[in-house]
2 protein chains.
Amino acid sequence: MTADVRLLLADDEHLIRGALAALLALEDDLVIVAEAASGPEALAMARAHQPDVAVLDLQMPGADGVKVATSLRTELPDCQVLIVTSHGRPGHLKRALAAGVRGFVPKTVSAQRLAEIIRTVHAGNRYVDPELAADAIASGDSPLTAREAEVLELAADGAPVAEIADRAALSQGTVRNYLSSAATKLGAENRHAAVRLARERGWV
Amino acid sequence: MTADVRLLLADDEHLIRGALAALLALEDDLVIVAEAASGPEALAMARAHQPDVAVLDLQMPGADGVKVATSLRTELPDCQVLIVTSHGRPGHLKRALAAGVRGFVPKTVSAQRLAEIIRTVHAGNRYVDPELAADAIASGDSPLTAREAEVLELAADGAPVAEIADRAALSQGTVRNYLSSAATKLGAENRHAAVRLARERGWV
DNA sequence: GCCACCTTCTGACATTTGTCATGCCGAGCG
DNA sequence: CGCTCGGCATGACAAATGTCAGAAGGTGGC
């Protein structure tokens, strides 16, 4: 018989984390060795308990799941990372895979499935939710250049062009040109709608 | 001994709902008679099973928790509603209480606490998470008039004034006046930043 | 070496906004 | 009854934004 799978569970919602822990504990071969409620805490717990698999929520205070995964990759190369998320945005999946995450699933899966997926990931295989994968493929690659994306991001909170130009160390004209071309590429009427679209598709 | 509390559980995340169901089922006096993954489904389930307490997620596809609560209030006056949420925005709490919701808690509570709160609500009492209540009081009432809020909401997706005016059946000048005064009241530089602020404070 | 493309800029122009003054109507209040 | 406030509108002006053309330097491919 194979050894038990040692798990780290990180989610900022107590209720969810506790419930999840209870359900996963029902599986004979899974044992939860640590829980965390934030990104930094997850890292500390991982260092302290050396889990085989880290199950991370994508959105946590402090540092999101992908950032934690990146750090874990170098600090604990033997620890596989599985990300669980509520809102499956295509861009996140891409970032996560780039960070060396082995599994990516929405919270709509059942606990049974999750347990299976944890075993899959622990065995060194990858698992990505088919629906999220399809979304990611359908939404395709960002048509934006690096600068366009950067400027669009700075425009995200509704700041005026002057402020964006300042923060990006560009001239106002250049900023307007970038925003204009970004909006055109995304088929948006103005930069604000463009920001919304880019957000939806995970391009910012 | 009092009769068991019959529960309806509604959350679009399978994983969470299942886990929650498992945990609450451990309590002797709580019995889950129905589960739902969307607003309309929750309503249908409630009609079919006549639960004593409905535990609703705030954000669900179809109709959000508050809308479901409003409908339940008239259709099943004996069913108490308890709302559970991830992102505790002050405005939601106010809307929820106005809709006759008896309990409002963040998902950060433990399952134990949740079970207690369910009993509290079932007994006809109210329960609001102290921290959320404090936030709601601190953020105060919306300074926006009904129209201002309405117009601001239409501006949320970055639509140009012309489109907003069209959808609100107002003149463009009027729309600009409303947006302008809303932005001033919120201390924002422009309507887009105003939308963001109003969102954060739960005023839209 | 040429071509394509990104980055960055300038300047000019049309359009969209934000802002302000002002007016009218209806509801609520002292 | 008059006052105030919110809803709705105009018109006019200033500021911000979007659009276009053009131009120069850099990188990378073929």
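Chain letters run A, B, ... following the sequence lines, proteins first, then strands; residues in each count from 1.
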Take A/Glu35 and A/Glu41 through the test side chain to side chain contact (heavy atoms under 4.5 Å, CB included) and record every step on the way to the result.
-> CA-CA 9 Å; A/Glu35 295 187 19; A/Glu41 196 185 339; over 6 Å; no
Indicate yes or no for a side-chain donor-acceptor contact from A/Asn177 to the backbone of A/Ser180 under 3.5 Å, with no hydrogens or angles considered.
-> no
Quick one: label A/Arg147 by what it contacts on the DNA or RNA (base, sugar-phosphate, nothing), any heavy atom closer than 4.0 Å.
-> sugar-phosphate
Ignoring backbone atoms, test whether A/Ser180 places a side-chain nitrogen or oxygen under 4.0 Å from the OP1 or OP2 oxygen of D/dT19.
-> yes
Of the nucleotides C/dT17, D/dC8, C/dT7, which one has an atom closest to the side chain of B/Leu170?
-> D/dC8
Shortest side-chain distance from B/Arg176, nucleotide among D/dC8, C/dC9, C/dT19 = C/dT19
Would you classify A/Asn177 as touching base, sugar-phosphate or nothing, given that sugar-phosphate means primed atoms plus P, OP1 and OP2, and contacts are heavy atoms under 4.0 Å?
-> base
Winner on side-chain proximity to A/Thr145, out of C/dT8, C/dT7, D/dT10, is C/dT7
Per A/Val161 side chain, nearest of listed nucleotides C/dT19, D/dG18, D/dT17 = D/dT17
OP1 or OP2 of C/dT10 under 4.0 Å from side-chain N/O of A/Thr174 | no
What is the distance from atom OG1 of A/Thr184 to atom CD of A/Glu189, rounded to the nearest 0.5 Å?
-> 11.5 Å
Polar side-chain atom of B/Arg6 near backbone of B/His49 as donor-acceptor pair, under 3.5 Å | yes
